[in-house]
Number of protein chains: 2
Amino acid sequence: MTKADGAERRERKSDKTRRRILDAAADLLNRKGFDGTRVSEIATLAELRVPAVYYYFDSREAILEEVVNIGDRLAHENVVRRLKELPPDASALDRICAAFAAHLEMVLTESAYTAAAMRTMGQLPADMRARQLDRQRASGRMWRDLIQTGVEAGEIDPELDPRAARMFLLGAVNWATEWWNPARGSLEEILATAQRLVRNALAGPLATASPGTAAAPPAALTPVFAPPPL
Amino acid sequence: MTKADGAERRERKSDKTRRRILDAAADLLNRKGFDGTRVSEIATLAELRVPAVYYYFDSREAILEEVVNIGDRLAHENVVRRLKELPPDASALDRICAAFAAHLEMVLTESAYTAAAMRTMGQLPADMRARQLDRQRASGRMWRDLIQTGVEAGEIDPELDPRAARMFLLGAVNWATEWWNPARGSLEEILATAQRLVRNALAGPLATASPGTAAAPPAALTPVFAPPPL
DNA sequence: GTCTATAGGTTGATAGAC
DNA sequence: GTCTATCAACCTATAGAC
């Protein structure tokens with residue numbers, strides 16, 4: 001335990017404040033959109049005055065970009081982790097369903113950051129949007145490969161355009177924040193419906209009608225995982 | 001031809017200006033979101049100064065609410081019109097696919113108003129949102145009935161929750177404005193993919209594998225229809 | 001690290017001339 | 001109908017005390 005170690009572990013107080021600011025910004029991004037998110041409101045939610053916010057961040061845009069950046073990263077890491085948890089004999093469609101379910105869970109209940117990143121995409125200023133697209137490259141490749149593997153395994157309706165199908169389904173889950181109400185149905189229920197829908201949509205007429213095999217939801221939906229460090 | 005008739009037909013000059021304002025607002029709503037849409041920018045796009053805008057509308061919110069209102073109405077009327085054009089022997093799934101395709105076409109190329117209405121839903125102030133939900137009641141009933149008819153006809157995977165399936169698929173098409181690029185694929189192509197995806201998703205294992213029947217895209221996609229009067 | 005006070009710009013909206 | 005001129009309110013951001 002060197003002195004450096006101790007210092008690294010104990011710069012917690014200011015990190016907590018910084019995190020409160022980001023939490024507030026993520027919440028507001030979801031409710032008000034990019035242009036509607038005001039620094040003064042962030043400060044109020046974080047129980048601070050405006051100048052304290054500027055002690056931690058250079059500008060309003062710097063706060064919002066960090067929220068979006070974290071949200072994208074959390075979404076990607078979570079999908080990767082869930083895919084690793086699958087049994088090695090999982091089919092390509094099993095893996096695709098698990099990935100969409102992981103993403104949906106993130107958007108709906110796990111991370112306001114991810115929900116904010118998805119909902120504000122179209123509103124970001126040009127330079128921020130360019131940097132986001134740059135960072136999302138690995139994520140985009142992952143989704144493309146997931147589908148491509150399914151196509152090559154013959155598990156996916158060959159009449160579908162893979163890119164359009166992928167984007168439509170990602171849109172379906174990203175949009176869910178607009179209408180999902182936990183009071184109307186549990187998270188488990190909506191994840192099950194989403195997986196069934198994704199499996200049907202991609203398999204198409206290739207789906208076997210025998211119940212309990214291809215149509216059964218895959219991969220146990222274990223409750224929640226520890227929130228990864230920001 | 002009474003004097004009233006003449007007057008009604010010729011109050012065009014101011015109607016055209018009013019329409020330019022609404023067009024500008026719809027465009028900005030899509031690009032900047034609800035809170036990001038500024039009256040000064042609406043005025044510039046409409047080639048006016050700000051006070052001229054206030055000659056036509058009582059407030060900024062009145063402009064934006066009218067855009068959303070028109071967008072919702074156009075989407076609903078267009079789906080209804082397309083459903084009427086279907087042959088009487090169209091299956092429930094045929095009707096559902098045609099409805100989603102009509103909605104998607106509206107969002108992507110026909111109406112910036114509809115795209116704006118869909119994208120800003122979650123950002124509207126509480127009172128505006130309440131009035132919108134009130135106006136959307138007929139539209140919501142239409143979509144619910146379309147799916148319900150398919151369930152009762154045995155054409156839809158009984159393991160799907162009808163409401164969640166409907167909302168996921170509407171989300172998929174509403175989100176398409178975020179990623180669709182006409183340079184990467186024609187409107188006809190994306191409409192075909194969307195219909196294939198919707199049909200697969202809802203039919204599930206019930207889909208027959210015989211090509212050209214249940215899996216074939218339904219209802220000719222006639223190019224474009226005359227823009228309805230605002 | 002957090003505050004009070006404030007600078008400088010933009011916004012929604014109106015008054016009143018033409 | 002459309003404009004110039006203007007207002008109060010609010011915004012992002014900073015200076016400087018503690």
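These values consider heavy atoms only, across backbone and side chains, with no hydrogens, waters or symmetry-generated copies. Bear in mind that the values here come from a model prediction, so they are computed numbers and not experimental data. Naming: A, B, ... by sequence-line order, numbering from 1 per chain.
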A:Asp72 and A:Gln132: side chain donor to acceptor below 3.5 Å: yes
B:Arg31 and B:Asp27 ion-paired at < 4.0 Å: yes
DNA chain C-proximal residues of residues 50-61 of chain B, any heavy atom under 4.0 Å: B:Val50, B:Pro51, B:Tyr54, B:Ser59, B:Arg60
Side-chain donor-acceptor contact under 3.5 Å, B:Asn174 with B:Arg119: no
Qualifying residue for side chain to side chain donor-acceptor pair (under 3.5 Å) with A:Asp134, from A:Arg131, A:Gln136, A:Arg137: A:Arg137
Proximity of A:Phe100 and A:Trp143 rings by center, below 6.0 Å: yes
Residues in contact with DNA chain D, drawn from residues 25-46 of chain B - heavy-atom cutoff 4.0 Å: none
Atom pair distance, as rounded to whole Å: CD1 in B:Ile21 and P in C:dA13: 14 Å
Basic-acidic side-chain contact under 4.0 Å: A:Arg18, A:Glu66: yes
Residues B:Asp23 and B:Tyr113: side-chain donor-acceptor under 3.5 angstrom: yes
Nearest-Å distance for atom pair CD1/C1', residues A:Ile63 and D:dC11: 14 Å
Whole-Å gap separating P (D:dT4) and CZ (B:Arg49): 5 Å
Atom-to-atom span, NZ of B:Lys13 to C1' of D:dT2 - whole angstrom: 14 Å
Carboxylate-amine/guanidinium contact B:Arg81 B:Glu77, below 4.0 Å: no
